[in-house]
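For reference, the structure is listed below as structure tokens.
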Amino acid sequence: MSRQLMKGNDALSEAAVRAGCRFFGGYPITPQSEIPEYLSWRMPEAGGTFIQAESELSGVNMVYGAAAAGFRAMTSSSGPGFSLLQEGISYIASAELPAVFVDVQRYGSGLGDIFQAQGDYWQATRGGGHGDYRMLVYAPASVQESVDLVSVAFDKADQYRNPTLILSDASIAQMMEPVTLPEMREHDPNADWAVRGKHGKPFKRVTSTMYYIEDFDAYIKGKYDEMAEAEQRWESVRVDDADVVLVAYGISSRICREAVEIARGRGVRLGLLRPITLWPFPAKAFAEVNPLVKAYLSVELSALPKMVEDVRLACEMKAPVETFLGGAHIPESSAIVERAVAILNAQR
């Protein structure tokens, strides 16, 4: 397979088609508009269906219908639009249907602004809709990883019959990098649960499974406990001897990776834990950290600290956990290094 230069949103879209996605219903919003733009011609070319919905509310319910019919279905949005998807996502989760969602994060609450940020963390990892459900949440840190994780997201959605989420950001979505695309795969929509005609069999139901599963409380908790145990993904960078460990995902992790190299060049033992799954948060990764670590520093592109809560839970507060926030201003790697040095100096 040859490598080619592609924009993040375009590469993600092509990867979805190659993973067997044959339905997209969505609405344009910056900085994810290239996804529906790309799929508007590519999806029909691959034998699928593309619909530009009149709103995000329509789009998510179209995904519900396509998923119920057994097809691999996807929609994408950003910030304000992702908020509008939440009711539909909770319905899809309650019906235990597989579907993939993409949130290309932008800055600020309300309308916000179109530049990169990571402020949707709570909505993504806590379940922005009502009720008892979770989504597997994948956080790519490169265009290539966006490609790779789309296939994973579709496969895991099918495995658990549950919606999954790619939590990207404006930087990853808009940058151009060389990627290697996977081969085309076809997906058989004739799943045993799919609504595709009676064919002499009992009618199938597309509604919340709580209505016909005995002891639903134990069932649904067991399902998400299994996901939480089996699906943690992360990358560790020089954490085995680190005095301070940075925790960052997505575009923030790329800044932190550079900070680690700068710090090591200065004799400062800095490390990095990069969550690839944000839910389940990779608590197992913290077992790889130097047991004498002096502090963790959660680096997030948001005005309010969010991921830091999961860092504190995962490390069991065996070391102090501080935050480095970047919201409207992108932090320099050198500033992160200086913050780590200041933390170490304060402990002496």
Side-chain angles (χ1 to χ4, degrees), residues 12-26 35 39 43 46-50 59-76 85 88-103 124 127 129 132-140 145-168 181-197 201 204-210 212-213 219-220 222-233 276-280:
L12 186 153
S13 303
E14 179 64 28
V17 172
R18 293 184 180 222
C21 180
R22 292 297 178 266
F23 180 84
F24 180 95
I35 297 176
L39 291 175
M43 189 66 76
T49 299
F50 169 88
V60 69
N61 284 286
M62 292 174 185
V63 168
Y64 189 167
F71 291 96
R72 286 194 159 179
M74 182 178 88
T75 192
S76 60
L85 299 177
I89 292 173
S90 73
Y91 271 79
I92 291 170
S94 73
E96 294 196 271
L97 294 172
V100 172
F101 294 85
V102 180
D103 177 15
D132 298 313
Y133 78 96
R134 295 278 204 172
M135 285 195 288
L136 287 168
V137 181
Y138 299 98
E145 200 168 38
S146 296
V147 168
D148 298 339
L149 289 175
V150 166
S151 293
V152 172
F154 274 108
D155 289 344
K156 293 300 179 180
D158 282 353
Q159 178 181 340
Y160 293 105
R161 283 182 55 183
N162 200 78
T164 61
L165 172 66
I166 303 291
L167 190 64
S168 185
L181 295 168
E183 298 293 338
M184 288 286 290
R185 288 194 289 158
E186 291 300 327
H187 173 71
D188 183 2
N190 292 299
D192 58 4
W193 46 263
V195 180
R196 299 183 58 77
K201 298 179 181 179
K204 297 175 183 177
R205 294 165 289 194
V206 182
T207 184
S208 175
T209 55
M210 68 176 289
Y212 52 89
I213 290 181
Y219 166 77
I220 204 68
K223 171 180 175 175
Y224 289 114
D225 283 350
E226 178 187 353
M227 294 165 69
E229 175 63 25
E231 300 301 334
Q232 298 180 35
R233 295 179 182 230
I276 298 173
T277 51
L278 300 179
W279 194 87

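Taking all atoms of both residues into account, the shortest heavy-atom contact from L149 to A139 is CD1-C, 4.2 Å. The minimum heavy-atom distance linking D132 with I220 is given by the pair O-CG1, 4.2 Å. Taking both residues in full, the closest heavy atoms of R185 and S151 are given as NH2-CB, 3.8 Å, listed atom of the first, atom of the second, then distance. W193 approaches G70 most closely through the heavy-atom pair CH2-CA, 4.1 Å. Closest non-hydrogen pair, C21 versus M74, comes out as SG-CB, 3.9 Å. Among all heavy-atom pairs drawn from A93 and P163, the shortest one is CA-CD, 3.8 Å.
Under a cut-off of 6.0 angstrom, the local environment of CG in D225 is crowded, with over 12 non-hydrogen atoms contributed by other residues, nucleotides or ligands.
With sequence neighbours excluded, the residues satisfying ring-ring contact (aromatic ring centres under 6.0 Å, His included) with F50 are F24. With sequence neighbours excluded, no residue satisfies side chain to side chain donor-acceptor pair (under 3.5 Å) with Y133. When the side chain to side chain contact (heavy atoms under 4.5 Å, CB included) test is applied to Q159, the partners found at least two apart in sequence or on another chain are K156, E231. Applying the side chain to side chain donor-acceptor pair (under 3.5 Å) rule to T209 yields the partners E96; only residues at least two apart in sequence or on another chain are considered. Taking Q232 as the reference, nothing meets the side chain to side chain donor-acceptor pair (under 3.5 Å) condition, with sequence neighbours excluded. Every side chain to side chain donor-acceptor pair (under 3.5 Å) that N162 has, sequence neighbours left out, goes to K223, Y224.
Distance alone, capped at 3.5 Å, places no donor-acceptor pair between the S76 side chain and the V102 backbone. A side-chain donor-acceptor contact under 3.5 Å links T277 to the backbone of R233. Between the side chain of T75 and the backbone N or O of G25, at least one donor-acceptor pair lies under 3.5 Å.
Separating the CD1 atom in I89 from the CG atom in L165 is a distance of 7.0 Å, to the nearest 0.5 Å. Between atom CG of residue L12 and atom OG of residue S168 there is a gap of 7.0 Å, rounded to the nearest 0.5 Å. Separating the CG atom in D155 from the CG atom in L136 is a distance of 12.0 Å, to the nearest 0.5 Å. Note that CD of E14 and CD1 of I35 are 13.0 Å apart. Values are rounded to the nearest 0.5 Å. Distance check, rounded to the nearest 0.5 Å: CZ of R22 to CE of M43 gives 7.0 Å.
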(Q) Apply side-chain contact (heavy atoms from CB on, under 4.5 Å) to residues M135 and W279 and explain how you reach the verdict. (A) CA-CA 7 Å; M135 285 195 288; W279 194 87; over 6 Å; no
Q: For the pair R72 and D188, evaluate salt bridge (Lys or Arg N to Asp or Glu O under 4.0 Å) and give the outcome as yes or no after the intermediate values.
A: CA-CA 9 Å; R72 286 194 159 179; D188 183 2; over 6 Å; no
Q: Let me see the working for H187 and F71 under side-chain contact (heavy atoms from CB on, under 4.5 Å), right down to the final yes or no.
A: CA-CA 8 Å; H187 173 71; F71 291 96; 5.8 Å; no
Q: I would like to know whether T164 and F101 meet side-chain contact (heavy atoms from CB on, under 4.5 Å); could you show each step before the answer?
A: CA-CA 6 Å; T164 61; F101 294 85; over 6 Å; no
